[in-house]
Trainee: 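Quick one: the structure is below, and I'll ask about it shortly.
Computed from a predicted model, the values in this text were never measured in an experiment.
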Amino acid sequence: MTLLVPLYVHPSADPEAWRLVTGAGERVYGVVLNPADGPGPAPDPAFLSAARALRAAGTLVLGYVDLDYGMRPEAAVTGDLDRHRDWYGADGCFFDQVPADRSALPRCRRLVRAARQRGAGTVVLNHGAHPAPGYARIADLLVTFEGPWPVYLSSFTRPRWTARHPPERFCHLVYEVPTALAGVAARAAGERGAAVSCAVAGSLPNPWDAPPPALYGEAP
């Protein structure tokens, strides 16, 4: 099991959180860099420093790019990809709010191709639910669940097509997890076919403003 860490807190507001994630080594699959719901209007010196430290530690830096469920213009999406690469040296991208239906697959395929052409070695698609099977052929990692712990426990189902792919291709992001149960949540992800996960205690509107308890050694 490895951790995909969306860390949506400014490095100057919580430098210890960034030091902790940077020092986590192989426990972390990658860190989602999200200065301002994307790269922002100009380079942020604190995020520049954080990205350099992550890369120096051998951790993937994934630039956050919002697709708004297919509503954002492609030029806006590719502009974000360019800024993440040029400003922060992102190794790859984390496409958020990705549509899951089959009809949106051709457009998503174009955007993934654009990311690859811009040097993205790793492409993560966050659908937050299981998408049409074809999406698994265009990305390195699919986030097939994002939501609160009670829903994860009561409503998660795994389509049969996912068994055709190794668990390293799937990720579950779970929030509102009691700290004492963070280890249980990680094991549940593995049992449900996802070798990558992140379980945090936070809640909406931004549950990802702190590292997962697993990195503090608080997860049993």
Side-chain angles (χ1 to χ4, degrees), residues 1-10 13-14 16-18 20-34 37 59-60 62 64-69 94-101 124-132 135-136 139-163 165-220:
M1 296 295 297
T2 55
L3 296 162
L4 175 67
V5 182
L7 190 54
Y8 301 164
V9 62
H10 198 276
D14 193 349
E16 180 57 29
W18 286 89
L20 185 69
V21 172
T22 301
E26 294 182 355
R27 287 182 291 168
V28 174
Y29 175 94
V31 175
V32 182
L33 199 77
N34 187 13
D37 292 329
T59 301
L60 285 177
L62 302 170
Y64 177 95
V65 180
D66 184 12
L67 296 192
D68 193 21
Y69 298 108
F94 178 90
F95 283 128
D96 196 21
Q97 300 195 115
V98 181
D101 55 287
V124 180
L125 301 181
N126 182 15
H127 305 276
H130 285 95
Y135 287 93
D140 300 285
L141 185 70
L142 299 181
V143 179
T144 54
F145 181 88
E146 182 178 5
W149 176 239
V151 174
Y152 191 55
L153 288 177
S154 64
S155 303
F156 179 87
T157 57
R158 182 186 177 193
R160 290 198 298 179
W161 68 262
T162 61
H165 302 278
E168 290 77 15
R169 300 287 307 284
F170 299 100
C171 173
H172 297 164
L173 301 177
V174 190
Y175 51 84
E176 296 180 9
V177 180
T179 297
L181 297 181
V184 175
R187 289 191 291 274
E191 292 165 358
R192 296 172 177 202
V196 185
S197 65
C198 190
V200 297
S203 57
L204 295 175
N206 179 19
W208 312 110
D209 61 354
L215 293 185
Y216 287 99
E218 297 175 4

Trainee: Testing V5, V196, T59 for side chain to side chain contact (heavy atoms under 4.5 Å, CB included) with Y29, which one passes?
Mentor: V196
Trainee: Please report the interatomic distance CG(L3) to SG(C171), rounded to the nearest 0.5 Å.
Mentor: 9.0 Å
Trainee: In Å and rounded to the nearest 0.5 Å, what is the CZ to CZ distance from R192 to R187?
Mentor: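 Output value for this atom pair is 13.0 Å.
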Trainee: With T144, which residues qualify under side chain to side chain contact (heavy atoms under 4.5 Å, CB included), at least two apart?
Mentor: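 With neighbours one apart ignored, the set is H130, P131, L142, F170, H172.
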Trainee: With sequence neighbours excluded, give me every salt bridge (charged side-chain N to carboxylate O under 4.0 Å, His left out) pair touching residues 194-214.
Mentor: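 Listed once each, the pairs would be none.
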Trainee: Nearest 0.5 Å, please: how far is CZ in R169 from CG in L141?
Mentor: 8.0 Å
Trainee: E191: what forms a side chain to side chain donor-acceptor pair (under 3.5 Å) with it, not counting sequence neighbours?
Mentor: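 Partners of E191 under the side chain to side chain donor-acceptor pair (under 3.5 Å) test: none.
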Trainee: Please list, chain by chain and in numerical order, all residues satisfying ring pair (Phe, Tyr, Trp, His ring centres under 6.0 Å) with Y135, sequence neighbours excluded.
Mentor: H127
Trainee: Begin with the C-alpha distance, continue with both residues' side-chain angles, and end with the deciding distance and a verdict on side chain to side chain contact (heavy atoms under 4.5 Å, CB included) for L33 and F94.
Mentor: CA-CA 9 Å; L33 199 77; F94 178 90; over 6 Å; no
Trainee: Taking only residues two or more places apart in sequence, or in another chain, which ones meet P205 in a side chain to side chain contact (heavy atoms under 4.5 Å, CB included)?
Mentor: none
Trainee: State which residues pass side chain to side chain donor-acceptor pair (under 3.5 Å) with D101; sequence neighbours excluded, sorted by chain then number.
Mentor: S103
Trainee: Roughly how far apart are Y216 OH and L20 CG, rounded to 0.5 Å?
Mentor: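 Output value for this atom pair is 5.5 Å.
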Trainee: Who pairs with F95 by ring pair (Phe, Tyr, Trp, His ring centres under 6.0 Å), at least two apart in sequence or on another chain?
Mentor: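 For F95, no residue satisfies ring pair (Phe, Tyr, Trp, His ring centres under 6.0 Å) once neighbours in sequence are set aside.
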Trainee: Run the side chain to side chain contact (heavy atoms under 4.5 Å, CB included) test against A185 and tell me which residues pass, sequence neighbours left out.
Mentor: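 Expected list: W149, V177, A199.
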Trainee: Determine the minimum heavy-atom distance between A201 and T179, stating which atoms define it.
Mentor: CB-OG1, 4.0 Å
Trainee: Who passes side chain to side chain donor-acceptor pair (under 3.5 Å) against Q97, sequence neighbours left out?
Mentor: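 If we apply the side chain to side chain donor-acceptor pair (under 3.5 Å) test to Q97, skipping adjacent residues, the hits are D66.
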Trainee: Is a donor on one side and an acceptor on the other found under 3.5 Å between the side chain of D14 and the backbone of V9?
Mentor: no
Trainee: What pairs with E26 under salt bridge (Lys or Arg N to Asp or Glu O under 4.0 Å), at least two apart in sequence or on another chain?
Mentor: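 Listed in chain order: nothing, the list is empty.
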Trainee: Which atom pair, heavy atoms only, marks the closest approach of A189 to M1?
Mentor: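 Nearest pair, atom of A189 first, then M1: CB-CE, 4.0 Å.
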Trainee: Side-chain donor-acceptor pairs under 3.5 Å in residues 153-161, sequence neighbours left out?
Mentor:
unit_1	atom_1	unit_2	atom_2	d
S154	OG	P150	O	2.9
R158	NE	T162	OG1	2.9

Trainee: Closest approach of L62 and G30, non-hydrogen atoms and distance?
Mentor: CD1-CA, 4.4 Å
Trainee: Looking at L4 and V32, what are the two nearest heavy atoms and their distance?
Mentor: CD1-CG2, 4.2 Å
Trainee: Suppose we screen for side chain to side chain contact (heavy atoms under 4.5 Å, CB included). Which residues come up paired with E146, at least two apart in sequence or across chains?
Mentor: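 So E146 forms a side chain to side chain contact (heavy atoms under 4.5 Å, CB included) with D96, N126, L173, Y175, W208.
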